[in-house]
Amino acid sequence: MTIAAWDPLDWSLTTGVIPYLVLVAGCAALLGLALSRGRGWWTRRFPCAVVTAAALSVLLKYVVDDWWQPLPDGLPRPTLFWISVGILGVCLALFRMPPLPWRGRALAALGAALVVLMASSEINREFDQYPTARVLLAPWIGKTDALTTGRVRAVEVPPGKVLSEVWHAPAGLPAKGTVSTAPVPGTKSGFKARDAYVYLPPAYQADPRPLLPVLVLMAGQPGSPADWVNSGQLPEQLDAFAAAHQGLAPVVVVADQIGSQWANTLCMDSRIAKAQTYLAVDVPDWIHAHLQTATGRTATAIGGLSLGGTCALQLAVNAPQVYGSFLDISGQQEPTLGSHAKTVDEAFGGDEAAFDAVDPLHVMARQRFPDTAATFVVGDGDGEYGPQQRVAYQAALAAGMQARFQTVPGAHDWNTFRAGLGDNLTWLARTTGLIR
């Protein structure tokens, strides 16, 4: 057993004993809150608690899916079920408390907390967002490195060669890369983004320095750039790749394409924001100004998960002069705010032609991209995004792209997202000229 296995921060929260213990404790607490010998409980308070919980659950679905609409595809049914279970636990506790002494009230509050913990655990198991407590607590206990700036001598790659064929790792090269945060301003777009995360592989610390390719990566919505670093285990995946390739790996810039946790810019230039200009101009300009990397479209890829995957497809077809390849993990077939009509209305004032001008399926229908490489990935259990990914993939093939389609075990969750990146690092490295 490894040392990490003894660290409670690294115990699994989605598999093994812990989630099942939480499930058992939560079910027992829910049962305890629901049962009582008092006749008044069964005739008055229990029915009121159940009706209140049901009403709040229906109201929540209405507010989230029909009014607020922060999620284009609405709350998943399993998520809504477990939220409703949590609400039921709280309502049962509240209706039990009035006639109880303070100790009884404390026990009822504890029972409600266990039910909410159970519901949260089951939702986490659905998405695998926080596989361990270390990932869950990363915003408070995680550390980042200072961004390496400045330029040194560069390793030259002769025509016909790839970087790995001329690179020789020097003695003393670090075993791991660095992870830093940095503001990437919307100089041309005016877009206000949260700080990006920058991964620099071990070879970036060398002198002379290999000019590494760049991957611009995006999270989903709701989400933030930190998601790829924490839930996506990006540093660990890139470090493992670098360890197998003499310290070589792509430079990764995890950019913020939405501006806040629940926003949706559609990654377009529209009434909402100039997100396309941010990703096609501001982000590449910042990379060229602050990092010493390979340049040109063949050395620059873009990728993302869910909404970020849709964004990657959009940028690849709307800014092909910048991005020569893209990785679309569990993306949609078109950008959406919940419905096509709502999207066109809010983003373009009802102008269908303006939407069609940048919608990827329409762009691919009228333009060919024989020099663009693409990989589409989706979980084999993703009934919502799987069919949409196949539509986008077929459109990419029809547009002449060098496109691939993959399924991996999972659904619309971090099991799929992590595998989507990890399984394609070799493809990305070959496509961008890092390895043969």
Side-chain angles (χ1 to χ4, degrees), residues 155 157-167 177 199-201 203-204 210-218 228 232 234 237-238 240-242 244-255 279-280 283-284 287-288 291 293-305 308-331 360 364 368-378 389 392-393 395-397 399-408 417-436:
V155 175
V157 181
K161 295 284 187 178
V162 296
L163 185 55
S164 63
E165 294 173 335
V166 299
W167 163 256
Y199 171 84
L200 300 177
Y204 194 89
L211 297 182
L212 300 164
V214 177
L215 169 63
V216 174
L217 199 58
M218 296 165 290
W228 265 119
L234 183 145
Q237 297 208 58
L238 270 293
F241 182 89
H245 296 85
Q246 298 191 75
L248 296 174
V251 168
V252 180
V253 176
V254 188
L279 294 165
V283 172
I287 292 171
H288 297 152
L291 303 176
T293 68
T295 58
R297 68 181 301 274
T298 58
T300 310
I302 189 166
L305 66 92
T310 313
C311 293
L313 169 61
Q314 291 173 238
L315 269 293
V317 300
N318 286 297
Q321 74 282 3
V322 179
Y323 300 107
S325 54
F326 70 93
L327 175 61
D328 181 351
I329 306 172
S330 303
M364 289 187 288
R368 292 186 60 79
F369 299 88
D371 298 324
T372 294
T375 293
F376 296 85
V377 185
V378 71
Q389 279 286 75
Y393 166 65
L397 287 178
M401 288 187 189
Q402 305 161 41
R404 312 184 310 161
F405 187 89
Q406 296 177 349
T407 58
V408 298
F417 307 151
R418 283 190 290 267
L421 176 64
D423 292 354
N424 284 288
L425 287 177
T426 299
W427 171 80
L428 283 165
R430 286 175 177 159
T431 302
T432 55
L434 182 62
I435 62 175
R436 180 67 64 185

Undergrad: Could you walk me through whether Asn424 and Gln406 pass side-chain contact (heavy atoms from CB on, under 4.5 Å), step by step?
TA: CA-CA 10 Å; Asn424 284 288; Gln406 296 177 349; 3.0 Å; yes

Undergrad: Using side-chain contact (heavy atoms from CB on, under 4.5 Å), reason through Phe405 and Leu397 one step at a time and then give a plain yes or no.
TA: CA-CA 10 Å; Phe405 187 89; Leu397 287 178; over 6 Å; no

Undergrad: Only distances under 3.5 Å count here; give the side-chain donor-acceptor pairs of residues 427-436 to other protein atoms, sequence neighbours excluded, each with its distance to 0.1 Å.
TA:
| unit_1 | atom_1 | unit_2 | atom_2 | d |
| --- | --- | --- | --- | --- |
| Trp427 | NE1 | Thr431 | OG1 | 3.4 |
| Arg430 | NE | Arg436 | O | 3.3 |
| Thr431 | OG1 | Trp427 | O | 2.8 |
| Thr432 | OG1 | Leu428 | O | 2.6 |
| Arg436 | NE | Glu165 | OE2 | 3.1 |
| Arg436 | NH2 | Gly160 | O | 3.0 |
| Arg436 | NH2 | Glu165 | OE1 | 3.0 |
| Arg436 | NH2 | Glu165 | OE2 | 3.3 |

Undergrad: Give, for atom CD1 of Ile302 and atom OH of Tyr323, the distance between the pair rounded to the nearest 0.5 Å.
TA: 4.0 Å

Undergrad: State, to 0.1 Å, how close Val283 and Ala255 come at their nearest heavy-atom pair, and which atoms those are.
TA: CG2-CB, 4.3 Å

Undergrad: For the backbone of Val377 and the side chain of Gln389, can you confirm whether one donor and one acceptor N or O come within less than 3.5 Å of each other?
TA: yes

Undergrad: Can you name the residues that form a side-chain hydrogen bond (donor to acceptor under 3.5 Å, both in side chains) with Thr372, not counting sequence neighbours?
TA: Arg297

Undergrad: Just jot down the side-chain contact (heavy atoms from CB on, under 4.5 Å) partners of Leu291, sequence neighbours excluded, or say none.
TA: Leu147, Val198, Leu200, Tyr204, Val251, Val253, Trp286, Ile287, Thr293

Undergrad: With sequence neighbours left out, what residues match Thr375 under side-chain hydrogen bond (donor to acceptor under 3.5 Å, both in side chains)?
TA: Arg404

Undergrad: Going by side-chain contact (heavy atoms from CB on, under 4.5 Å), name the residues that satisfy it together with Gln237, two or more places apart in sequence or in a different chain.
TA: Arg418, Leu421, Leu425

Undergrad: Please find the pair of heavy atoms, one from Leu215 and one from Gly303, that lie closest to each other, and give the distance.
TA: CD1-N, 3.9 Å

Undergrad: Between CD of Gln402 and CG of Asp371, what distance do you get to the nearest 0.5 Å?
TA: 7.0 Å

Undergrad: Any chance you could measure Asp328, atom CG, to Leu313, atom CG, to the nearest 0.5 Å?
TA: 5.5 Å

Undergrad: Name all residues meeting the side-chain hydrogen bond (donor to acceptor under 3.5 Å, both in side chains) criterion together with Thr310; count only those two or more places apart in sequence or in a different chain, and write none if there are none.
TA: Gln332

Undergrad: What distance do Met401 atom CE and Tyr393 atom OH have between them, rounded to the nearest 0.5 Å?
TA: 12.0 Å

Undergrad: Over 60° means perpendicular and under 30° means parallel, so tell me whether Phe326 and Phe376 are parallel, tilted or perpendicular.
TA: perpendicular

Undergrad: Rounded at 0.5 Å granularity, tell me how far OG in Ser164 sits from CD in Gln246.
TA: 8.5 Å

